[in-house]
Number of protein chains: 2
Amino acid sequence: MAQTPALAQATAPGAGDTRERLLDAAERLFGENGFDGTSMRALARAAGTGLSAANYHFGSKEALLTAVMLRRINPVNELRMQRLEALEAQAGGAPLRVEAIVDAYLRPVFEIRAAFIQRDSPSPWLAARIYSDPSQAVTKLKRELFVGVQARFLPALQRALPQRDPRDLEVAQQLTTGLLVHVLSGNVSGSGLAGPDGGHDYGRILCQLVDFATAGLTSAPATRPASGGRPA
Amino acid sequence: MAQTPALAQATAPGAGDTRERLLDAAERLFGENGFDGTSMRALARAAGTGLSAANYHFGSKEALLTAVMLRRINPVNELRMQRLEALEAQAGGAPLRVEAIVDAYLRPVFEIRAAFIQRDSPSPWLAARIYSDPSQAVTKLKRELFVGVQARFLPALQRALPQRDPRDLEVAQQLTTGLLVHVLSGNVSGSGLAGPDGGHDYGRILCQLVDFATAGLTSAPATRPASGGRPA
DNA sequence: GTCTATATGTTGATAGAC
DNA sequence: GTCTATCAACATATAGAC
């Protein structure tokens, strides 16, 4: 529950040493302008240091992105896993409710995000930007960070919805991730996360996300086999 | 129904003049690597011409992006409007079915896309990439191109779902766009659009998208007022 | 219209002083 | 550890020949 993540060494919470300030600047600028749209110079300037300090601490731009991603995504994924395991332990072998699975998948992102923006940062959530970043430098990293969790949640969804085609369900799971990415990239105007104070009261948008995704995952294609073509 | 859009002057469909080849190359490269990740040099080389030709025809990189976006998005938006108007004319004042509205919003993208990839281009749909592109050069363009259609579809959704909070419904509409962006950016592996031959048989993924979005839009938050917090 | 050549600035990364 | 200075490569855009 401390402000500093588990990876960082002990630092003063107000100032932070250079390495920490570089990570903070990278989180904000990569999130706002993307990987290709952020230069190491702009990044160092935002951290109040020189260009060489960034390369000294991280070695390369790509390594810096990896570091700042890991710092945030690891706690999120651990929390997701904990929530899902708690649900399964409580259910004792019975299938879980879809809404509970979705909540365990979505809520940790908002919780961790809210815990780390006591600063003035209503910037987009870095991981969401990276998820839809076309730069070749991030595609590998993307898969390494997100595939594991999705592979862990999919079987739970399949047990909760045994009547659905497993492949369709996998697509629906990825669509759920798409909803999350869209919101956290700041593309949903009424969400309360796109504005200047975005990110603190996430209750409403999270409920809407959970409802939307739960309905989409559960949606039996009942109307499909009846009507072959496009509705006129 | 011709291969050449309304904006372009008559050109041979196989070869095309330099301007057309530049637009084709821009559509592919901007879609694959984003705005910042695509250089004018790489673009000219892909079009089989020199750097100066690109600047002669379009004046700047940003103007080239605008041109290639308009070439594809205008037909899509016109088709969306036509479909929605046809639905309303047929309904004669009665509210439309949600699924029909969603279909009118999503299907034209796939139809236009499939019509213009007789080439070897399984690349991401440019407009989807641009929608989540953080580059400042594209944000204005983005709004100009998409706000109109969304403003046109929202009232139809509100009439179809009068019991839903209009603001929640607007969020849900934007979430639907998020689903579309996610799929057309190539982030859904089982969709048939991420692979090498992606884009031609879009029937399955379109059905899944329509089902998911319809369920999400329709989803009455029935479970929400009963349970205040997170499900345990 | 398209080319070669160039102007002008920025990029990521490094060398060496301190 | 952090700085200034610098490298080689790349960026967008333009000038002028043809």
Side-chain angles (χ1 to χ4, degrees), chain A residues 7-12 15-30 32-69 130 133-141, chain B residues 7-12 15-30 32-69 130 133-141:
Chain A
L7 290 162
Q9 49 274 59
T11 49
D17 64 353
T18 297
R19 186 190 156 91
E20 208 73 14
R21 290 204 316 274
L22 280 167
L23 287 173
D24 292 343
E27 182 162 18
R28 186 170 67 86
L29 290 182
F30 281 148
E32 288 175 358
N33 307 119
F35 186 76
D36 290 331
T38 304
S39 72
M40 293 287 275
R41 281 178 166 81
L43 209 142
R45 182 161 33 86
T49 181
L51 167 63
S52 294
N55 278 304
Y56 169 79
H57 282 286
F58 300 98
S60 74
K61 186 182 180 183
E62 194 168 341
L64 172 52
L65 176 71
T66 303
V68 67
M69 285 282 288
I130 293 305
D133 196 306
S135 178
Q136 303 244 0
V138 305
T139 40
K140 311 169 307 188
L141 178 63
Chain B
L7 290 163
Q9 48 275 58
T11 49
D17 62 355
T18 296
R19 187 189 155 91
E20 208 73 13
R21 289 204 317 274
L22 281 167
L23 286 173
D24 292 343
E27 182 161 18
R28 188 170 65 87
L29 291 182
F30 280 147
E32 287 175 359
N33 307 119
F35 185 76
D36 291 331
T38 304
S39 72
M40 293 286 275
R41 278 179 166 79
L43 210 142
R45 182 160 34 85
T49 180
L51 168 62
S52 294
N55 278 304
Y56 168 79
H57 282 287
F58 300 98
S60 76
K61 187 182 179 182
E62 195 170 340
L64 172 52
L65 175 71
T66 302
V68 67
M69 284 283 287
I130 292 306
D133 195 307
S135 179
Q136 303 246 0
V138 305
T139 40
K140 311 168 309 186
L141 178 63

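Atom set for the values below is all heavy atoms of this structure, side chains included, hydrogens, waters and symmetry mates excluded. Below, chains carry the letters A, B, ... as their sequence lines are ordered, and counting in each starts from 1.
- For the atom pair CG of A:D24 and CD of A:E27, the computed distance is 7.0 Å after rounding to the nearest 0.5 Å.
- The nearest whole Å value for the distance from the CZ atom in A:R21 to the P atom in D:dG1 is 14 Å.
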Sequence neighbours excluded and cut-off under 3.5 Å, please list the side-chain donor-acceptor pairs for residues 37-59 of chain A, or say none.
from, atom 1, to, atom 2, distance (Å)
A:T38, OG1, A:L29, O, 3.1
A:T38, OG1, A:G34, O, 2.7
A:S39, OG, A:A42, N, 3.1

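- A:D133 places no side-chain N or O within donor-acceptor distance of the main-chain N or O of A:V138, the cut-off being under 3.5 Å.
- Nearest nucleotide to the side chain of B:H57, out of C:dT2, D:dT2, D:dA13: C:dT2.
- One interatomic measurement links the two molecules: CZ of A:F35 to C1' of C:dG12, which rounds to 10 Å at whole-angstrom precision.
- Note: CZ (A:R45) to C1' (C:dT10) measures 12 Å, nearest angstrom.
- Among the candidates A:D17, A:L22, A:T18, the single residue satisfying the side-chain contact (heavy atoms from CB on, under 4.5 Å) test with A:E20 is A:D17.
- Distance, B:D17 CG to C:dG1 P: 9 Å, rounded to whole Å.
- Taking atom CG of A:N55 as the reference point, atom P of C:dG12 lies 9 Å away to the nearest angstrom.
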- Message: Please encode protein proximity along nucleotides 4-11 of chain D as a string of B, S and -, counting only heavy-atom distances under 4.0 Å.
- Response: B-B----B
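- Side-chain contact check for B:L64 versus B:L23: some heavy-atom pair is nearer than 4.5 Å.
- We find that CZ of B:R19 is positioned 11 Å from P of C:dG1, with the value rounded to whole Å.
- A close approach under 4.0 Å does occur between a side-chain nitrogen or oxygen of A:Y56 and OP1 or OP2 of D:dG1.
- Note that NZ of B:K61 and CZ of B:F35 are 4.5 Å apart. Values are rounded to the nearest 0.5 Å.
- As a whole-Å value, the separation of A:F58 CZ from D:dT2 P is 11 Å.
- Between A:T49 and D:dC3 there is a side-chain N or O to OP1 or OP2 distance below 4.0 Å.
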